[in-house]
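First comes the structure, then the notes that go with it.
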Amino acid sequence: MNNNVRFPFRFFLITFMWSWIIWTHLILCSLKIIPVSDKLLSILIIPVISLGVFGPLVGALFALHREQGKGSAGKFLRSFLDLNLGWKAYIFPVLILFGSTFIAWFSPELFGEERLPMILPSLWMFIPYLLLMIFFGGGQEEFGWRGYALPILESKFGIWFANIILGIVHAFWHLPLFFITGSGQTYMNFGGFSLLIVGYSFIFSWVRNISGNRPFSGLYTHGFANAFIPFIPTLILQKNIPQPRFWIWVTLTLTIGIIITLIRDKKT
């Protein structure tokens, strides 16, 4: 532990405030405390959730301005324009995330489960959906999580504790989504989701490392992780039923993340 590195409390505080304040309105609508029609709520869900997802970016920019002053935000954002990640950082996360999600999607069929159909309207929608996920559907979280917080936490705690802490905080940040009607999280177990996000944290950290610590790697990897969800779905969109694919997905992702980190740790 490096005690000279300050824990990023300011970043986490602003991130949670931005996202949770925005998402709380959807919770109140879902609980009918704020009276809105189901049709209007279904229209509002995606844009309002997406607005809240910019919380980590807002938190990072606020923290940088307070710590480094004028010009720091521009320099930070320009660092994400470096797309020279190297072939390993472009190829390996796609193979790993596709492979783990595909196994979780397909393997239950070997034991009699019915196939879950692709949620995307067509295969041709995958690329535009991927781009949407990178910049507006989850990837933008990585301006804060891996772009700002991860280097600080790894410098302070090392790769193991840093990614466990970040994964748990990242999972807990999603908590309001579990109470919003129409959110994918409403079909997930929160404990399993938390393990999934810790696994992702290990994997995303490794991809950043092999990219030469280029922050765009976070947006890229997170975008693919989210884009595979409706392409080869691991969730049955019904509540209070067994979700075998979800638990296979969680177990594989966490196991892969731990193995990758064990290998990284031995090399250092």
Side-chain angles (χ1 to χ4, degrees), residues 8-66 73 76-77 80 119 129-150 165-194 196-198 200-201 204 215-216 218-230 235 237 239:
F9 282 113
R10 185 183 287 117
F11 161 74
F12 287 130
L13 177 63
I14 299 303
T15 294
F16 273 73
M17 286 180 60
W18 174 277
S19 301
W20 282 26
I21 289 172
I22 291 172
W23 291 340
T24 295
H25 292 81
L26 287 180
I27 295 175
L28 296 176
C29 291
S30 296
L31 296 174
K32 302 302 181 183
I33 295 173
I34 296 178
V36 297
S37 68
D38 292 340
K39 183 177 181 180
L40 178 58
L41 180 58
S42 67
I43 293 171
L44 291 174
I45 283 173
I46 292 178
V48 175
I49 288 179
S50 297
L51 180 62
V53 171
F54 281 93
L57 172 59
V58 175
L61 296 179
F62 179 85
L64 283 166
H65 180 74
R66 293 298 299 271
F76 173 75
L77 292 173
F80 286 85
I119 299 173
Y129 186 75
L130 169 64
L131 295 174
L132 186 66
M133 291 300 101
I134 289 174
F135 297 107
F136 300 103
Q140 77 270 38
E141 298 173 28
E142 298 304 322
F143 284 104
W145 301 129
R146 252 57 60 171
Y148 175 81
L150 180 65
I165 292 168
L166 188 58
I168 291 172
V169 172
H170 189 180
F172 188 67
W173 171 78
H174 285 85
L175 188 60
L177 302 182
F178 285 78
F179 301 95
I180 296 174
T181 301
S183 166
Q185 278 80 7
T186 59
Y187 306 105
M188 299 182 188
N189 174 278
F190 181 72
F193 178 79
S194 299
L196 176 76
I197 300 303
V198 171
Y200 275 157
S201 190
F204 293 2
F216 178 74
L219 280 74
Y220 174 82
T221 308
H222 197 144
F224 264 102
N226 284 6
F228 286 139
I229 292 173
L235 278 173
L237 300 183
K239 295 182 181 180

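Values below: every heavy atom of this structure, side chains too, minus hydrogens, waters and symmetry copies.
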Exercise for the section: Give a yes or no on whether the backbone of G137 and the side-chain of N226 come within a donor-acceptor separation of less than 3.5 Å. Expected result: yes
Completion exercise
Nearest heavy-atom contact between A60 and G144 is CB-CA, 4.1 Å
Problem - 4.5 Å side-chain heavy-atom contact, R146 and E141 - result: no
Practice task
Taking S183 for its side chain and L177 for its backbone only, find out whether a donor-acceptor pair lies under 3.5 Å.
Solution key: yes
Practice task
Measure the spacing between NE2 of H222 and CD1 of I134 and express it to the nearest 0.5 Å.
Solution key: 11.0 Å
Problem - Student check: side-chain heavy atoms of F172 and I197 closer than 4.5 Å - result: no
Fill in the blank from the handout: Rounded to the nearest 0.5 angstrom, the CZ-OH distance for F228 and Y129 is 12.0 Å
Problem - Donor + acceptor pair across side chains of W173, S19 (<3.5 Å) - result: yes
Problem - Beyond-backbone contact of I229 with L235, side-chain heavy atoms, under 4.5 angstrom - result: no
Problem - Exceeds 12 heavy-atom contacts within 6.0 angstrom, atom CG of L237 - result: yes
Problem - Nearest heavy-atom neighbours spanning F54 and Q140 - result: CE1-NE2, 3.6 Å
Handout entry: Heavy-atom pair of closest approach, residues I45 and G182
Key = CD1-CA, 4.1 Å
Practice task
Output, in order, the C-alpha distance, side-chain angles, deciding distance and verdict of side chain to side chain contact (heavy atoms under 4.5 Å, CB included) for W145 and T15.
Solution key: CA-CA 10 Å; W145 301 129; T15 294; 3.9 Å; yes
Exercise for the section: Go through S194 and I168 one step at a time and tell me if the side chain to side chain contact (heavy atoms under 4.5 Å, CB included) criterion holds. Expected result: CA-CA 6 Å; S194 299; I168 291 172; 6.0 Å; no
Exercise for the section: For R66, check salt bridge (Lys or Arg N to Asp or Glu O under 4.0 Å) against everything at least two apart and list the hits. Expected result: none
Exercise for the section: Indicate yes or no: at least one non-hydrogen side-chain atom of F143 is less than 4.5 angstrom from one of P56. Expected result: no
Exercise for the section: Supply the atom-to-atom distance F80 CZ to L57 CG, rounded to the nearest 0.5 angstrom. Expected result: 8.0 Å
Practice task
Go through F16 and F12 one step at a time and tell me if the ring-ring contact (aromatic ring centres under 6.0 Å, His included) criterion holds.
Solution key: CA-CA 6 Å; F16 273 73; F12 287 130; 7.1 Å; no
Problem - Geometric class of the H174/F193 ring pair [parallel <30°, tilted 30-60°, perpendicular >60°] - result: perpendicular
Problem - Rounded distance (nearest 0.5 Å) linking atom CD1 of I33 with atom CG of L28 - result: 5.0 Å
Practice task
Mind listing the closest non-hydrogen atom pair of A171 and F190 along with its distance?
Solution key: O-CE1, 3.6 Å
Practice task
Write down the atom of G192, the atom of N189, and the distance for their closest heavy-atom approach.
Solution key: N-OD1, 2.8 Å
Practice task
Could you tell me the separation between the NE2 atom of H170 and the OH atom of Y200, rounded to the nearest 0.5 Å?
Solution key: 10.5 Å
Handout entry: Side chain proximity check, I180 to W23, heavy atoms < 4.5 angstrom
Key = yes
Practice task
Specify the closest pair of heavy atoms between L166 and A149, including all atoms of both residues, with the distance to one decimal.
Solution key: CD1-CB, 4.2 Å
Practice task
For Y187, look at atom OH and say whether over 12 heavy atoms of other residues, nucleotides or ligands are found less than 6.0 Å away.
Solution key: yes
Problem - Pairwise side-chain contact, L131 with F136, heavy-atom cut-off 4.5 Å (strictly under) - result: no
Problem - Any T186 side-chain heavy atom under 4.5 Å of T181 side chain - result: no
Handout entry: Candidate pair H65 and L61, rule side chain to side chain contact (heavy atoms under 4.5 Å, CB included), full reasoning
Key = CA-CA 6 Å; H65 180 74; L61 296 179; over 6 Å; no
Problem - Qualifying salt bridge (Lys or Arg N to Asp or Glu O under 4.0 Å) pairs, either residue in residues 38-63, two or more places apart - result: K32-D38
Problem - Qualifying salt bridge (Lys or Arg N to Asp or Glu O under 4.0 Å) pairs, either residue in residues 175-189, two or more places apart - result: none
Problem - Parallel, tilted or perpendicular: rings of F11 and Y148 (30°, 60°) - result: tilted
Exercise for the section: Answer yes or no: is there a side-chain heavy-atom contact under 4.5 Å between L13 and F9? Expected result: no
Problem - Check against side chain to side chain contact (heavy atoms under 4.5 Å, CB included), I49 and I22 - result: CA-CA 8 Å; I49 288 179; I22 291 172; over 6 Å; no
Fill in the blank from the handout: Taken to the nearest 0.5 Å, the spacing of S30 OG from L41 CG works out to 5.0 Å
